[in-house]
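The block underneath contains the structure these notes are about, expressed in structure tokens.
Atoms considered below: every heavy atom in the structure, side chains included; atoms not considered: hydrogens, waters and symmetry mates. Letters A, B, ... mirror the listed sequences (proteins, then strands); counts begin at 1.
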2 protein chains.
Amino acid sequence: MSADSAGDVTGGTAGHVSFQPVRPVRAYQRVAEQIEERILGGDLPPGARLPAERELVRQFAVGRSTVREALRVLQSSGLIRSRPGDPLGAEVLGVSPDNLSEALTRLTRSHLSGLAELVQFRMLLDAESYRLAARLHTGDDLIRLEALADRMEACVPADPHAFSEADAGFHRVVAEASGNALLALCARAVHAAVVEAIESKLVGDDAADWMRRSVAHHRHILAALRGADGRSAAALGREALYDYYAPLVPEQDRIRLKAALD
Amino acid sequence: MSADSAGDVTGGTAGHVSFQPVRPVRAYQRVAEQIEERILGGDLPPGARLPAERELVRQFAVGRSTVREALRVLQSSGLIRSRPGDPLGAEVLGVSPDNLSEALTRLTRSHLSGLAELVQFRMLLDAESYRLAARLHTGDDLIRLEALADRMEACVPADPHAFSEADAGFHRVVAEASGNALLALCARAVHAAVVEAIESKLVGDDAADWMRRSVAHHRHILAALRGADGRSAAALGREALYDYYAPLVPEQDRIRLKAALD
DNA sequence: GCCAGACGACTGGTCAGACCAGTTGATCTT
DNA sequence: AAGATCAACTGGTCTGACCAGTCGTCTGGC
């Protein structure tokens, strides 16, 4: 370890300078920071290649395990991807939303005080998506939404899987039409979490009726979007979600969902 | 590498079984997954301790570097924290919003239209927090909010750091009063990301005026919360955020923020 | 001339063993 | 009993090795 200049406190000025408690910064951390800085700063655009590990060892003057731990950190942040045997070195991926939805998924999994919270959160996000989408959507968006609603209706009796896929597509298009990628990502992650949480509870008995009501709801929302009536679309979206999920939520939690209805 | 049972395809039934292309799963990945599963599943609650690395080496039957890379991944996800010399082993932290705000920060840093999107998203989340908090808050919440507003006002001319800390506290209390932990965590993460994104842009010239306006906004919101007027509190919250951040957002992106004003 | 296959020089993934600096708690000293 | 000492840990880092892939090249046969 020859290049250690972290604890350098060479402020030559005498007097009552106050020193910060120097907390040790791990070597792998500084390696990771340097590389991340290069990526985020645009120095290493997506698609670029990092030097091979053994080359990084030379450049950073650290051991290979240190370099590897740094690369692991970057990889788990989704910034790079490495493949064994690749003579070009690790590939720079740039910033992707995957990491964000991963973090969100973890949050929902651990901090879940119940389905009610999750559904309530989804009601908020979806409603806001509708509100924004109503005033920002393009004609193309409407066409795609209509097609998705048709597809939902088409597989209403017997294909719940395709139905739920079309449903997810509908919400995704709306979220993207809202013009806010962040909102779209969160909505998508929460949607996935909801689906995962309830997929076991869905007994297929009155599923057909359920699906039909869902289609009707989506049609109403679509009409509101077409009319650029954001407020109405948002309210409809909230109601639709309430209708779907309220029966699956424990009695005493249902008041939370009602609170989100406004 | 003695415990390798990933590629096991011992389905004894003959016939036209279709095999999946087996993609290699790294050892450190499986180690990390196992530990993460234990944490998220509640088996290892926050505050619990992981076995020492050398003990994990024994239990997982892998090399120490593999264990260490797995721990690095978990650490960079904010799930654990390790300290050199700690005889108790790495500490389980549980899921925190820090990782989410980190991802958000990266996303805004790389994505150019980031700040407007981020602020818009914060407007939505905060507004919904206000709406819910207005009808769910307790008397204690109001007292704490009042105290925080006072503290903000107290350090208005000369202590921007404490000011922004009190501000963060205010928003956190509101988010928690909304009764939705998911919403609170996301709002907190977005708040942190916004603060980090703009901290460099904040020239301290008209900072005092800025802070004074902020205090007034918070007082108004507090009054609306006290009156259980969720709709009004939400609108006030949106306006406050617009006022603060619109000047920092590029001209052509400002329309997005306006759209979120309703 | 061209294409298939062997070869070798890489790559990342993993392991083993070692050393260091820091923490801790028991033991010894005063 | 309070303080210094020490040994047994811990995590952080380095080194060197091996393996299984990947790929460019080289060589053989067609």
Thr66(B) (side chain) donor-acceptor with Val62(B) (main chain) under 3.5 angstrom: no

Touch class at under 4.0 angstrom, heavy-atom based, for Ser65(B) against every strand present: base

Interatomic distance where CZ belongs to Arg26(A) and P belongs to dG11(D) [whole Å]: 12 Å

Residue list, ring pair (Phe, Tyr, Trp, His ring centres under 6.0 Å) with Phe170(B), at least two apart or on another chain: His218(B)

Touch class at under 4.0 angstrom, heavy-atom based, for Arg72(B) against every strand present: sugar-phosphate

Main-chain N/O of Arg83(A) paired with Asp86(A) side-chain donor or acceptor, under 3.5 Å: no

Atom-to-atom span, CD of Glu69(A) to P of dC14(D) - whole angstrom: 10 Å

Any donor-acceptor N/O pair, Ser77(B) side chain to Leu79(B) backbone, under 3.5 Å: no

Heavy-atom donor-acceptor pair, Gln120(A) side chain to Arg256(A) backbone, under 3.5 Å: yes

Side-chain N or O of Arg68(B) closer than 4.0 Å to phosphate OP1/OP2 of dG12(D): yes

Interatomic distance, Phe60(B) CZ vs dG13(C) P [rounded to whole Å]: 19 Å

Glu53(A) side-chain proximity, nearest of dG11(D), dT13(D), dG13(C): dG13(C)

Any Ser82(B) side-chain nitrogen or oxygen under 4.0 Å from OP1 or OP2 of dG12(D): yes

Leu183(B) side chain near Ser129(B) side chain, heavy-atom distance below 4.5 Å: yes

Tyr245(A) versus Arg122(A), side-chain donor and acceptor atoms under 3.5 Å: yes

Position toward the 5' end of DNA chain D (nearest nucleotide), Leu88(B) or Tyr28(A): Leu88(B)

Between dG12(C) (C1') and Leu71(A) (CG): distance, integer Å: 10 Å

Whole-Å distance separating the CZ atom of Arg81(B) from the C1' atom of dG11(D): 14 Å

Could you list the protein-to-nucleotides 16-18 of chain D atom pairs, N/O on both sides, closer than 3.5 Å?
from	atom 1	to	atom 2	distance (Å)
dA17(D)	N6	Arg64(A)	NH2	3.4

Short N-O contact, Glu36(B) and Arg106(A), less than 4.0 angstrom: yes

Side-chain ion pair, Glu55(A) and Arg58(A), N-O less than 4.0 Å: yes

For atom CD1 of Ile80(B) and atom C1' of dG12(D), their distance in whole Å: 14 Å

Under-4.0 Å side-chain N/O to phosphate OP1/OP2 contact, Thr66(A) with dC14(D): yes

Interatomic distance, Leu56(A) CG vs dG12(C) P [rounded to whole Å]: 8 Å

If you restrict it to nitrogen or oxygen atoms, what contacts under 3.5 Å exist between nucleotides 20-27 of chain D and the protein, and what is each distance?
none

